[in-house]
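Okay, structure first, notes after.
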Amino acid sequence: MIASTMMRTSVMLLLLNMVSFLVGGAPANFPIAYVYINLVGVVLLFMFGLYYRVVPAAGQSTVAKTQGWLHIAGAVLLLVGAALLNPLDESTVIVSFIGWLVAIVAVALFAIIVFRTSRD
């Protein structure tokens with residue numbers, strides 16, 4: 001079930017993000033990067049998983065599975081991008097940028113899923 005995968009991945013990303021911050025510190029010009037990773041990769045991912053638990057029919061669709069895996073990929077790319085971030089080399093920003101784009105597509109898919117499955 002995609003809900004469990006999303007929630008488990010969320011917790012692992014939180015742990016990896018915290019450890020990478022502790023070991024490597026925040027990039028000099030981008031200390032907020034780790035906060036965004038926690039928001040996008042941890043909070044949103046866990047929240048999406050909870051929605052799929054509360055509304056099981058929503059999590060059964062192929063769109064939900066695609067959305068979940070896309071969001072996981074985007075969150076991982078954000079984490080890798082933050083780890084590679086070098087303020088002196090603009091090319092290192094590309095990984096995070098791709099992660100953001102993937103996450104935006106995943107959130108848009110989630111919006112479609114919510115509008116299709118939520119009840120008044």
Side-chain angles (χ1 to χ4, degrees):
M1 179 177 222
I2 194 65
S4 297
T5 302
M6 294 174 89
M7 290 187 289
R8 289 176 182 153
T9 304
S10 167
V11 174
M12 292 308 299
L13 286 172
L14 175 61
L15 183 61
L16 286 171
N17 190 38
M18 292 175 78
V19 168
S20 68
F21 184 83
L22 180 67
V23 171
N29 292 339
F30 302 98
I32 198 98
Y34 290 91
V35 174
Y36 282 118
I37 293 165
N38 280 335
L39 175 63
V40 173
V42 178
V43 175
L44 289 180
L45 195 56
F46 200 85
M47 186 180 77
F48 297 158
L50 286 177
Y51 183 80
Y52 292 144
R53 281 279 172 97
V54 171
V55 185
Q60 300 300 322
S61 71
T62 303
V63 175
K65 292 173 184 149
T66 302
Q67 182 271 329
W69 286 111
L70 274 177
H71 199 87
I72 288 168
V76 168
L77 285 171
L78 282 172
L79 184 61
V80 169
L84 295 175
L85 209 54
N86 177 354
L88 302 176
D89 183 3
E90 292 179 7
S91 68
T92 61
V93 174
I94 193 73
V95 176
S96 290
F97 182 74
I98 293 169
W100 273 111
L101 291 178
V102 171
I104 288 169
V105 169
V107 171
L109 285 176
F110 185 71
I112 292 167
I113 292 164
V114 168
F115 279 97
R116 286 184 178 171
T117 60
S118 62
R119 304 285 183 247
D120 293 321

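- We find the CG-CG distance between Leu79 and Asn38 to be 9.5 Å, quoted to the nearest 0.5 Å.
- Taken from NE2 in His71 to CD1 in Ile104, the straight-line distance is 11.0 Å, to the nearest 0.5 Å.
- Applying the side-chain contact (heavy atoms from CB on, under 4.5 Å) test to Val76 and every residue at least two apart in sequence or in another chain returns Leu13, Ile72, Val80.
- Clustering ILVMFWY residues whenever any of their side-chain heavy atoms sit less than 4.5 angstrom apart, transitively, puts Val107 in the very cluster that holds Met47.
- For Gly74 against Val102, the heavy-atom pair with the smallest separation is N-CG1, 3.6 Å.
- Pairs engaging residues 47-63 under the side-chain hydrogen bond (donor to acceptor under 3.5 Å, both in side chains) rule: Ser4-Arg53, Tyr51-Thr117, Tyr52-Gln67 [sequence neighbours left out].
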Do Trp69 and Thr5 pass the side chain to side chain contact (heavy atoms under 4.5 Å, CB included) test, and can you show the C-alpha distance, the side-chain angles, and the key distance before you say yes or no?
-> CA-CA 9 Å; Trp69 286 111; Thr5 302; 3.7 Å; yes

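- Listed by chain and number, the hydrophobic cluster partners of Leu39 are Val43, where partners are ILVMFWY side chains within reach of under 4.5 Å, directly or through others.
- Checked against ring pair (Phe, Tyr, Trp, His ring centres under 6.0 Å), Trp100 has the following partners two or more places apart in sequence or in another chain: Tyr36.
- Cluster partners of Val11, by chain and number: Met7, Phe46, Leu50. The rule joins Ile, Leu, Val, Met, Phe, Trp and Tyr whenever side-chain heavy atoms lie under 4.5 Å apart.
- Across every non-hydrogen atom of Ala3 and Gly49, the tightest pair is CB-O, 3.3 Å.
- Residue Met1 belongs to no hydrophobic cluster, having no ILVMFWY side-chain heavy atom closer than 4.5 Å to its own.
- Considering all non-hydrogen atoms of both residues, Ala64 and Ala58 come closest at CB-O, 3.0 Å.
- Val55 and Phe115 are members of different hydrophobic clusters when ILVMFWY side chains are connected at heavy-atom separations under 4.5 Å.
- Residues Val114 and Leu109 are members of one and the same hydrophobic cluster, defined by side-chain heavy-atom contacts under 4.5 angstrom among Ile, Leu, Val, Met, Phe, Trp and Tyr.
- Between Leu101 atom CG and Ile94 atom CD1 the span is 8.0 Å, to the nearest 0.5 Å.
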